[in-house]
Amino acid sequence: MAKSVTAFTCTACGAAHKKWAGRCEACGAWNTIIEEAPLSQGPGRGLGATKGRAIPLAPLTSAEAPPPRSDSGMEELDRVLGGGLVPGSAILVGGDPGIGKSTLLLQGAAAFARKGLQAVYISGEEAGAQIRLRAQRLGLADAPVRLGTETNLRDILTTLDAERPDLAVIDSIQTLWSDQVEAAPGSVAQVRSAAHELVTFAKRRGVAVVLVGHVTKEGQIAGPRVVEHMVDTVLYFEGERGHQFRILRSVKNRFGPAGEIGVFEMTGAGLSEVANPSALFLSERGQPVAGSAVFAGIEGTRPVLTEIQALVAPSTLASPRRTVVGLDSGRVSTILAVLDARCGIPFAGLDVFLNVAGGMRVNEPAADLAIAGALLSAREDSALPADCVLFGEISLSGALRPVAQAENRLKEAQKLGFSQAILPEARKVEGVSGMSLMGIADLTGFVGEVFGAG
Ligand code: TYD
Ligand code: MG
């Protein structure tokens, strides 16, 4: 007998449900469960009904060379891909609508094409004329990229199978529809089936396939995890709308390190690469001001300096405001609590605003000390030295924990003209001369040393 068949799926987490409900029990999201066409699963299809074929098993050792990678010549893009494009890999590029995904991939496809790869760009969102106009504006009209506009999955696969390009960009996965799935384009069933077909095609034919995916307002790629686990590489294109900076971040990569970032600037003529992001994120700094702290961070394999800005003002509200942009607000609450409980510095009755300059997002726990520094500096109205960077993780006891890659952080800071650093004292840092280092054991010590109180 056929087991019960999934008919309802949560569009947020992909969980399967037997019946419709207003709230998904798996992830707690509301109004995300939709009906899907059931899987055709006839009787007698269970395991053991027919005898399978034994698959050959092989040792891990391999005489094969690692896959040859292709460079696009766009360094930021190549780095995020893990050192170039791997043939036959499937890549998902997610991001908010309008953030610049189509622009990035058109530029990327053109760059690869100019390096001699056969590149095909299939758009299901824009008309051919529109894309050609954009290509002209970006100065790419002469690049040997072949353009198609189609949403029918079967036609796209037939075309790609006949053409056998090296790289195929599909913009976007949400517009594709397969006539074998009875669901609307953009539904979980369609997105899953289209992604599955395209990923299988990529593996079988050695074509690198790039799928563009729009992110829903909850921050997930619609039809979400289902696509993320199918592909080899997941890249997110992020940025604040009001800022011109865009960050391409690898959150999963089977062919390279995850967490790597590439920094771009959106200009009138498309995206231009930013080779030295630290200089860019710090570029607005002038005289030392209260509430500003420079964090020496690591993004992927690369050190990046960012400025953390805090403003603390008396509040008229019963529960004061905590506005946090570019940082994890849970982390900020923890640091505020530690400052209160361990150092006796309360923020009750004070509104707190925190921001990372340049529209950057900082997720590292190593930013704790810089956050605390910015908060204290704003509260005490006393500026930190302008040529000083901070890093270190704060534990709930108030102790400062050492963080990875201290040398790399310091070297980057030194390169950009910083001559002092405040860091956890626990670890000996070698290989940096000419910088004065202040090792701190705990937050109370930090308050005492830097703000002369505590
Ligand atoms: P787009 O690549 O269409 O975004 P997505 O595919 O992620 O939806 O980019 C759209 C935005 O980028 C649009 O608001 C205009 C801006 N833009 C520029 O500023 N300069 C340019 O050269 C291009 C092509 C776009
Ligand atoms: Mg687009």
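Atoms within each ligand, like the ligands themselves, are counted from 1 in listed order.
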Side-chain (Glu150) to main-chain (Asn152) donor-acceptor, under 3.5 angstrom: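 Yes, Glu150 side chain to Asn152 backbone: donor-acceptor pair under 3.5 Å.
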
Backbone N/O of Gly88 and side chain of Lys203: donor-acceptor pair under 3.5 Å: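 Side chain of Lys203 to backbone of Gly88: a pair is present.
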
Residues which pass side chain to side chain contact (heavy atoms under 4.5 Å, CB included) with Ala29, listed by chain and number, not counting sequence neighbours: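 Side chain to side chain contact (heavy atoms under 4.5 Å, CB included) check on Ala29 returns Ala12, Cys27, Thr32.
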
Ring-face cation of Arg321 near Phe353 (centre distance under 6.0 Å, axis angle within 45°): no

Distance under 6.0 Å and angle within 45° of ring axis: Arg249 vs Tyr236: no

Backbone or side-chain N/O/S of Ser102 under 2.8 Å of the Mg ion (ligand 2): yes

Amino acids contacting ligand 1, non-hydrogen cut-off under 4.0 Å: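 Its neighbours under 4.0 Å (heavy atoms only) are Asp96, Pro97, Gly98, Ile99, Gly100, Lys101, Ser102, Thr103, Arg134, Arg137, Leu138, Met266, Thr267, Gly268, Ala269, Gly270, given by chain and number.
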
Taking every non-hydrogen atom, the tightest pair across Glu393 and Asp368: CG-OD2, 3.6 Å

